[in-house]
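The structure appears below as structure tokens.
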Amino acid sequence: MAGAAGTARHPAQGERAGAVLREPLLEVEHLVKHYPVRGGLLRPGGGKVVRAVDDVSFVLHRGETLGIVGESGCGKSTLSRAILRLTEPTGGRVRFAGEDLLQLSRREMRARRRHLQIVFQDPFASLNPRMTVAQIIREPWSIFKGVVPRPEWDRRTAELLVQVGLSPDDAHRYPYQFSGGQRQRIGIARALTLNPKLVVCDEPVSALDVSIQAQVLNLLAEIQEKLGLSYIFIAHDLSVVRHISDRIAVMYLGKLVEIGTWQEIYETPAHPYTQALLSSVPVIEPEARGERIILKGEVPSPLAPPSGCRFRTRCRKAAAVCATEEPVLETRGAVGHLTACHFAAPREY
Amino acid sequence: MVDLNPAAECGERPSSSEPPGSAAATVTPPTDVALAVSDLRVAFESPHGLVRAVNGVSFSIRRGETVGILGESGSGKSVSVSAVMGLLDRPPAHITGDIRFRGVDLLRAPARETRRIRGNRISMVFQDPVTALNPSLTVGYQIGELFRVHRPGTSRRYALREAVELMDRVGIPSARERVHGYPHELSGGMSQRIMIAMAIALKPDILIADEPTTALDVTVQAQIMALLAELRRETGMALILITHDVGVVSECTERVMVMYAGRIVESGPTGAILARPAHPYTAGLMSSMPRAEMKNRRLVVIEGAPPVMTAIPPGCAFHPRCGRRRPLCTGGGGPGLRGVAEERASACHFAAEMVAGG
Ligand SMILES: Nc1ncnc2c1ncn2[C@@H]1O[C@H](COP(=O)(O)OP(=O)(O)OP(=O)(O)O)[C@@H](O)[C@H]1O
Ligand SMILES: Nc1ncnc2c1ncn2[C@@H]1O[C@H](COP(=O)(O)OP(=O)(O)OP(=O)(O)O)[C@@H](O)[C@H]1O
Ligand code: SF4
Ligand SMILES: [Mg+2]
Ligand SMILES: [Mg+2]
């Protein structure tokens, strides 16, 4: 873990000066998650591991939304699952409201779950097909007794359904009777049942049409204003991420490569990967976009990531130093936010 | 290592920007139609009454063309194409209308005949990659099985080699190792790419892709769309692309159909529709997009709730939510899909006004 020593400075430094929301809710430090690989019958995995999340540090403040973007398979879902201990991290620390989650027993952890909710990427696999929508929404109330008193259940269920753009009549239907987008809204309603402090949204709106997406994004913003909760918001649609996020973290092959306010990331991205990503967004008027940077070469395998900078095999700026020295996530030169590139600089069009 | 090419995403972006009349669309030789759907209706029995998911959908797809389907979530996009693919159990689904692939009546032909078409000549990428893959079989086995089923006599070794090659082609790193992996070991986007690999494995005439790229980041998305464009050029494959991403529709499709409450409410050349929608629902969609100027503001939403499919409003189904509504809109059978401009149709009484800029 070459990066561990290098990134020893506190990850909160240099982030989001002047923001109102300075109180940290979640502090992720050097988080690592490796998956062992299974081979075929004739080719055992040979002790190889997928380095899905490899030394990631960041801070999320109360009431703040952190967007996470990055290539498919770069570890966004794994990162969020490791934070919530839905998958056990291989190493690192996760402090939530000052408490180290990784030190908690399973039982203690279960009690914290009330405050840590997730909306999953896949609305199909994440809803129990044998439960009605009402049962799905109420299940948490019977586990965490007293959050919503029983006489309130009907009213609150109907209210939640309306809030996410469904109808109270939908309460008695089963998940298979809904379209993809409708199921995603059931998942969102379920995540909100316990008034959590942190909601991880893993691709929560990608299955929705833009009008309902707008409705859900407005809803998430309203709830945040009302309850002051924080979001980690993972999405591939970069205009959605820009809209909802206060800050944005860009991941590549298990590492954070750039993190900053939404203006810093969208207006003056300084990492070559972020620049390529932003230039690839499909838009209605392609003429209006700057020139597209097409990433060449294969996505490297997370089983054997490149030495030095993991992006170097596809980077237009790569030089000798990139193969030998891992770039630390830090502010450099004229770039005021954190980037992990030896040659970080705003793009010249 | 940088290739600056703005149009690389979907190959050349065709006919929509050509002057009207030059496109081959006005006189379509019948042989050119790969798929013709007419007056398709699908209803599901449910304890609350009939769910009228698809209410008279007609369209045809020509060889080699790319058609986008945009629309409200729950408007019947997936159900329509599931009917084409024969994926709906009857009952609870009731299907009427006509679906023809090169003249073969897919709703009525014997199973032995439709099996040769579905999954082979017409294939589909599903909206839910995770549940569409069998969790207990390796991905390599599942890709290989396609060859064993549809190309009898294929050897195990050949099927495995093809599987690796296809996985390479859709951009899965270390395909050789991952071919032995199981679906749960893949990220969302990788399962999606496996689904795409399976759908193109047999070089279909028509590929139906239901939200194929929503789970993919924009760089991989660009790569997949370029791959599909390449297949279209190589094999004349037609592509039906269901997506919520207006940007993808704009960059990758020639024609688009917009669905609302089980009907097509607008159709025509993509560029023309996005520049000037002829239906208030389409216009509403466009104004809901999270553009840069909307940062820190509430997004524009289409007022009101989506229709309940057991009780679709009379008249124009969109009327309870529509800003242009007049008394005329609220009763009767509602406006049908009618021509409004060159190659364009809309199901709104005021379509002509909208196209004229009113
Ligand atoms: N249970 C698992 N066993 C082995 N490898 C896994 C497992 N889960 C994820 N991986 C691997 O870890 C890496 C990161 O996966 P992850 O799901 O976190 O990516 P992601 O960024 O969420 O991608 P996407 O945008 O496609 O959802 C991938 O290479 C994936 O194949
Ligand atoms: N098996 C079923 N039983 C009852 N109703 C169903 C069934 N399958 C789908 N529906 C209903 O049919 C309607 C159309 O669903 P469909 O899946 O086609 O929507 P869609 O346009 O693909 O939406 P999305 O964009 O959200 O995927 C929805 O109202 C849905 O609730
Ligand atoms: S027909 Fe009437 S209600 Fe329907 S979209 Fe047009 S103006 Fe609106
Ligand atoms: Mg994911
Ligand atoms: Mg669908």
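Below, chain A is the first sequence line, B the second, and so on; all start at residue 1.
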query = A:L303 versus chain B, heavy atoms under 4.5 Å apart: side chain, backbone, both or neither?
reply = side chain
query = Relative to chain A, which segment of B:A275 carries a heavy atom at a distance below 4.5 Å: side chain, backbone, both, or neither?
reply = neither
key: B:S288 and A:Q215: CA distance, side-chain angles, deciding distance, side chain to side chain contact (heavy atoms under 4.5 Å, CB included) verdict   = CA-CA 9 Å; B:S288 296; A:Q215 207 178 314; over 6 Å; no
task = Rounded to the nearest 0.5 Å, what's the gap from CG on B:N296 to CG on A:D246? Could you check?
result = 8.0 Å
query = Looking only at atom types and distance, does a side-chain atom of B:R298 sit under 3.5 Å from a main-chain N or O of A:L217, one as donor and one as acceptor?
reply = no
message = Using every non-hydrogen atom in the two residues, find where B:L285 and A:D209 come nearest and quote the distance to one decimal.
response = CD2-OD1, 4.0 Å
query = In terms of heavy-atom contacts, does CD of A:E159 have more than 12 from other residues, nucleotides or ligands at under 6.0 Å?
reply = yes
inquiry  = Under 4.5 Å from any heavy atom of chain B, what part of A:L238 do you find: side chain, backbone, both or neither?
reply    = side chain
inquiry  = Restricting to non-hydrogen atoms, name the atom on B:H244 and the atom on A:V210 that form the minimum distance, rounded to 0.1 Å.
reply    = O-CG1, 3.8 Å
note = A:S245 and B:K295 have their tightest heavy-atom pair at O-NZ, 2.6 Å
request  = Sort B:V300 into side chain, backbone, both or neither according to what part of it lies under 4.5 angstrom from a heavy atom of chain A.
outcome  = backbone
inquiry  = Does any part of the side chain of A:S72, heavy atoms only, come nearer than 4.5 Å to the side chain of B:R193, both counted from C-beta?
reply    = yes
query = Side chain, backbone, both or neither: which part of B:R291 has an atom under 4.5 Å from a heavy atom of chain A?
reply = backbone
key: Full working for side chain to side chain contact (heavy atoms under 4.5 Å, CB included) between A:D169 and B:V308   = CA-CA 9 Å; A:D169 295 344; B:V308 177; 5.7 Å; no
note = So CD of A:Q213 and CG of B:D245: to nearest 0.5 Å the spacing works out to 8.5 Å
request  = May I ask you to test the B:L299-A:H243 pair for a side-chain heavy-atom distance under 4.5 Å?
outcome  = yes
remark   = All heavy atoms of A:N218 vs all of B:V301, minimum pair found to be ND2-CG1, 3.6 Å
ask   = Using non-hydrogen atoms only, which part of B:R178 is less than 4.5 Å away from chain A: side chain, backbone, both, or neither?
value = side chain
key: B:R52, CZ atom: more than 12 neighbouring heavy atoms under 6.0 Å   = no
Heavy-atom pair of closest approach, residues B:R321 and A:S211 = NH2-OG, 4.5 Å
